[in-house]
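The structure under discussion appears below in the form of structure tokens.
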Amino acid sequence: MSGSTAVKIDARPCRQSCQAFSVEHIRKDFPILNTLVRGKPLVYLDNAATTQKPQAVIDAINHYYTAQNANVHRGVHHLSQVATCLYDDARQKIAAFLNATVECEIIFTRGTTESINLVAQSYGRQTIHEGDEIIISGMEHHSNIVPWQILCQQTGAKLRVIPFDDDGNLIMDEFDRMLNPRTKMVAVVHVSNALGTVNPIQEITAKAHAVGARVLVDGAQSTPHTAIDLKALDCDFFACSGHKMYGPTGIGILYGRAELLDAMPPYQSGGDMILSVTFDKTIYGRLPSKFEAGTPHIEGAIALGAAVDYLNAAGMETIHRHEQDLLQYATDAVETVPGLHIMGRAREKAGVLAFTMDAAHPHDVGQILDEEGVAVRAGHHCAQPVMQRFGVPATTRASFGMYNNRNDVDALVAALHKVNKVFA
Ligand code: C6P
């Protein structure tokens, strides 16, 4: 996998392992992993917050500004055409990666947060009215709570919340009881950033559609870890962030069914999203331009395309297997640490290991771990209702990426033993 240029692959995602997966080869592609933190090798276990970038993505950004920079969809000159081709090509790669039906269903946004706000304010304001109901789950990130609360305030709709059990599984019987003809939107997280739970999206979608509701999936934490097949998930909207997929910050995706996006009003307005403008009337552009007002994050989209190439070359099934193996190893290993309590033991989990320790507050745990070069996140993870559900102010969270290995887990566990020693 080493190399300085993006690996070219077929447009369709590689759902099988394309080549033998070697985590040690993968690690060589991520220059930041050579960093020393206070003289100790960096052990990066904060991948749910953001992932590190492979050289191929860094090179794509560098090469864009060195040789390809121009505005897109506006110029007749050579560079503008080059940049436009690359930008449009990135959309095509992402559509294939997510198995969308057509490319124009892929809208570039700033990230998951903006994608969800776009749906709430454009689709939601147009179709959701007083007395309607919106269902979310109790394990949502604030990005999939607050936009719907605002929409409820604006429209008089009611927000309902699917609870989850002590292990972090959604209580599907409660969901069944909540669904009714007034349900207009079900917005759920695919993989919880605070618990690691993988939610049964296909089942949720089928049940929501049966009462005529639309489904939005927050895929921020699933897209980097498992093959996404939008056709199989059958959701109406899907949101994800480039920076969690080994791509740059400030770029993300909203997928929407073409017929829904077509009927929705623009979220923002300005250049590039119109067919014609007079002082009397504006005719909006077609998809996807209608939702991409202004100069977009061109280099971000191109580099996200390079990240998708990179993921495809490693193989999403292979990445998934590797991370599942690591999660199991890590779960068994941290359980040897006295006074440590794992939060989130759902039947199906992704590479998130959140816990509390009797000996110290999560922030102190994070601090000691940092002194050992181990980067984790401590806090409420922008999922305060999850903390409230368990009656804790915060947790410490280790989250895994494709480049993590068992040495990283061993370093984490050694540092956790040190926490107990320091606070004994
Ligand atoms: N979670 C974490 O440390 P943005 O910021 O738009 O790229 O992603 C928001 C978001 C939405 N949904 C889920 C499930 C998420 O995990 C996140 C981001 C990071 O857990 C930063 S708070």
Side-chain angles (χ1 to χ4, degrees), residues 44-53 94 107-121 136-149 161-162 164 168 170 186-199 201 204 215-226 228 233 235 237-255 267 297 300-301 303-304 307 323 343-344 346 348-355 362-363 366 369 375-387 389 394-401:
Y44 188 77
L45 295 175
D46 196 16
N47 294 285
T50 198
T51 51
Q52 300 302 345
K53 317 307 167 198
I94 290 154
I107 311 292
F108 283 120
T109 63
R110 281 194 299 130
T112 306
T113 302
E114 188 174 56
S115 298
I116 298 173
N117 276 277
L118 190 163
V119 176
Q121 286 304 306
I136 60 172
S137 86
M139 64 178 80
E140 299 307 318
H141 184 278
H142 298 163
S143 297
N144 204 25
I145 302 174
V146 186
W148 303 113
Q149 280 177 333
V161 182
I162 316 166
F164 58 86
L170 283 185
V186 176
V188 282
V189 70
H190 196 175
V191 171
S192 157
N193 69 320
L195 299 169
T197 307
V198 180
N199 285 319
I201 297 300
I204 290 171
V215 177
L216 176 142
V217 175
D218 172 349
Q221 299 291 351
S222 58
T223 320
H225 306 297
T226 190
I228 301 294
L233 291 180
C235 55
F237 299 102
F238 185 93
C240 59
S241 297
H243 70 99
K244 296 191 199 290
M245 302 162 61
Y246 308 95
T249 52
I251 186 82
I253 300 297
L254 171 66
Y255 155 84
Y267 174 55
H297 187 5
L304 179 54
E323 291 178 2
M343 204 174 90
E348 208 185 326
K349 273 188 73 174
V352 168
L353 198 51
F355 53 86
H363 287 126
L369 263 51
V376 294
R377 182 167 173 191
H380 54 59
H381 315 295
C382 301
Q384 284 184 349
V386 175
M387 305 300 127
R389 164 70 176 74
T395 64
T396 308
R397 181 189 70 186
S399 52
F400 304 104

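Atoms considered below: every heavy atom in the structure, side chains included; atoms not considered: hydrogens, waters and symmetry mates. We count ligands from 1, going down the list as the structure has it; atoms in each ligand are counted the same way.
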Qualifying residue for salt bridge (Lys or Arg N to Asp or Glu O under 4.0 Å) with D46, from K244, R397, R377: R397
Quick check: does any side chain N or O of T197 sit under 3.5 Å from a backbone N or O of N199, one acting as donor and the other as acceptor? no
Would a distance-only check, ignoring hydrogens and angles, find a side-chain to backbone donor-acceptor pair under 3.5 Å from S222 to V191? no
When rounded to the nearest 0.5 angstrom, what distance separates OG1 in T113 from NE2 in H141? 6.0 Å
Under a strict 4.0 Å criterion on non-hydrogen atoms, which protein residues are in contact with ligand 1? A48, A49, T112, T113, H141, S143, V189, N193, D218, A220, Q221, S241, H243, K244, R377, C382, R397
State, with a plain yes or no, whether a side-chain heavy atom of F108 is found less than 4.5 Å away from one of I253. yes
Under the salt bridge (charged side-chain N to carboxylate O under 4.0 Å, His left out) rule, collect the residues that match up with E114, sequence neighbours excluded. R110
